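Because the structure is a prediction, the values reported are computed rather than measured.
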Amino acid sequence: MQRLSEQILAHAGGLPEGTPVSAKSLLHLGNRAAVDQALSRLAERGQLIRAGRGVYLRPVTSRFGTRSPSVEQAVEAVASQRGEVIVSSGAAAANTLGLTTQVPVRSVYLTSGRTRKMNLGKQVVELRHAPRWQLALANRPAGEAVRALAWLGPEKAEAALLALKRKLPQTTFNELVAAAPQLPTWLARSVGKAAHG
């Protein structure tokens, strides 16, 4: 009979890159205490990466050695496993939309879950709890615009909205205007001004 740690590695090996492994998903292999202990041992040996409390990832092996899965894949997998909405931060969204030239140094994502950190090898990914309105239109371009505007703040929002009106496709801008009732008053007012002159 295979040892529990070998069974866990075999299970993790059959998953796509970046898919998290948790003790709860392995209870068919043994009792909770034994699974927790085996996961902990595998992480100590470097056969699994402990990304956060109760979340483990399989390192990716290539001809150049082993590395952590990509941040995007790991974040996406954690979001689907935990049933959370996780999206890029406002700073990253503002940079993507060309509203700022600042490139975020740290990996920060906004989440509907609790604030916590994930360790992917040497990289630390921060998951920050965000209000529901910042997670509206989650992975859509209009949602990226909402997060970028929230990050820029009330002082810069109107100028940024005029730039977005020129840059974004009309359908995306209309989606942003339709989401205005979910936004805080200062942002809804700015969106209304940009949309209706």
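The shortest distance between side-chain heavy atoms of V78 and M118 falls below 4.5 Å. No side-chain heavy atom of S22 sits less than 4.5 Å from a side-chain heavy atom of V55. Here the side chains of V125 and Y109 are in contact, with some heavy-atom distance below 4.5 Å. A heavy-atom distance below 4.5 Å is found between the side chains of L42 and I8. Proximity of R128 to T111: side-chain heavy atoms (C-beta onward) are nowhere separated by under 4.5 Å. Residues L27 and R32 are in side-chain contact: their nearest non-hydrogen atoms beyond the backbone lie under 4.5 Å apart. Counting heavy atoms from C-beta outward, L4 and L29 have side chains that approach closer than 4.5 Å.
Atoms CD and CG, from E44 and L39 in turn, are 11.5 Å apart once rounded to the nearest 0.5 Å. We find the CD-OG distance between E155 and S190 to be 10.0 Å, quoted to the nearest 0.5 Å. For the atom pair CG (L149) and CD (Q134), the distance works out to 10.5 Å, reported to the nearest 0.5 Å. The distance from the CZ atom of R140 to the CG atom of L176 is 12.0 Å, given to the nearest 0.5 Å.
Looking at every heavy atom in both residues, G30 comes nearest to V35 through O-CG2, 3.7 Å. Of all the heavy atoms in H129 and T115, the pair that sits closest is N-OG1, 2.9 Å. In terms of heavy-atom proximity, V71 sits nearest to Q123 at CG2-OE1, 3.3 Å. In terms of heavy-atom proximity, A148 sits nearest to L99 at CB-CD1, 4.0 Å. Smallest separation of non-hydrogen atoms from A194 and F173: CB-CZ, 4.1 Å. Of all the heavy atoms in A179 and L137, the pair that sits closest is CB-CD1, 3.7 Å.
A salt bridge links R116 and E84; the closest N-O separation between the charged side-chain nitrogens and carboxylate oxygens is under 4.0 Å.
Residue-environment remark: NZ (K167) exceeds the threshold of 12 foreign heavy atoms within 6.0 Å. Sparse packing is recorded around CD of E76, with 12 or fewer heavy atoms of other residues, nucleotides or ligands lying under 6.0 Å away. No more than 12 heavy atoms of other residues, nucleotides or ligands sit less than 6.0 Å from atom CZ of R132.
A donor-acceptor pair under 3.5 Å is formed between the side chain of T96 and the backbone N or O of A92. Side chain of R58 to main chain of A12: a donor-acceptor pair is present (N/O by atom type, distance under 3.5 Å, no hydrogens or angles). Within the 3.5 Å criterion, the main-chain N or O of V124 finds no donor-acceptor partner in the side chain of N119.
Residues L26 and L9 fall within the same hydrophobic cluster, defined by Ile, Leu, Val, Met, Phe, Trp and Tyr side chains chained together at heavy-atom separations under 4.5 Å. L110 and W133 fall into different hydrophobic clusters, where Ile, Leu, Val, Met, Phe, Trp and Tyr residues are linked whenever their side-chain heavy atoms come under 4.5 Å apart, directly or through other members.
For the 3.5 Å distance criterion, the side chains of E126 and S107 fail to qualify, holding no donor opposite an acceptor. A side-chain N or O of Q73 and one of S70 form a donor-acceptor pair less than 3.5 Å apart.
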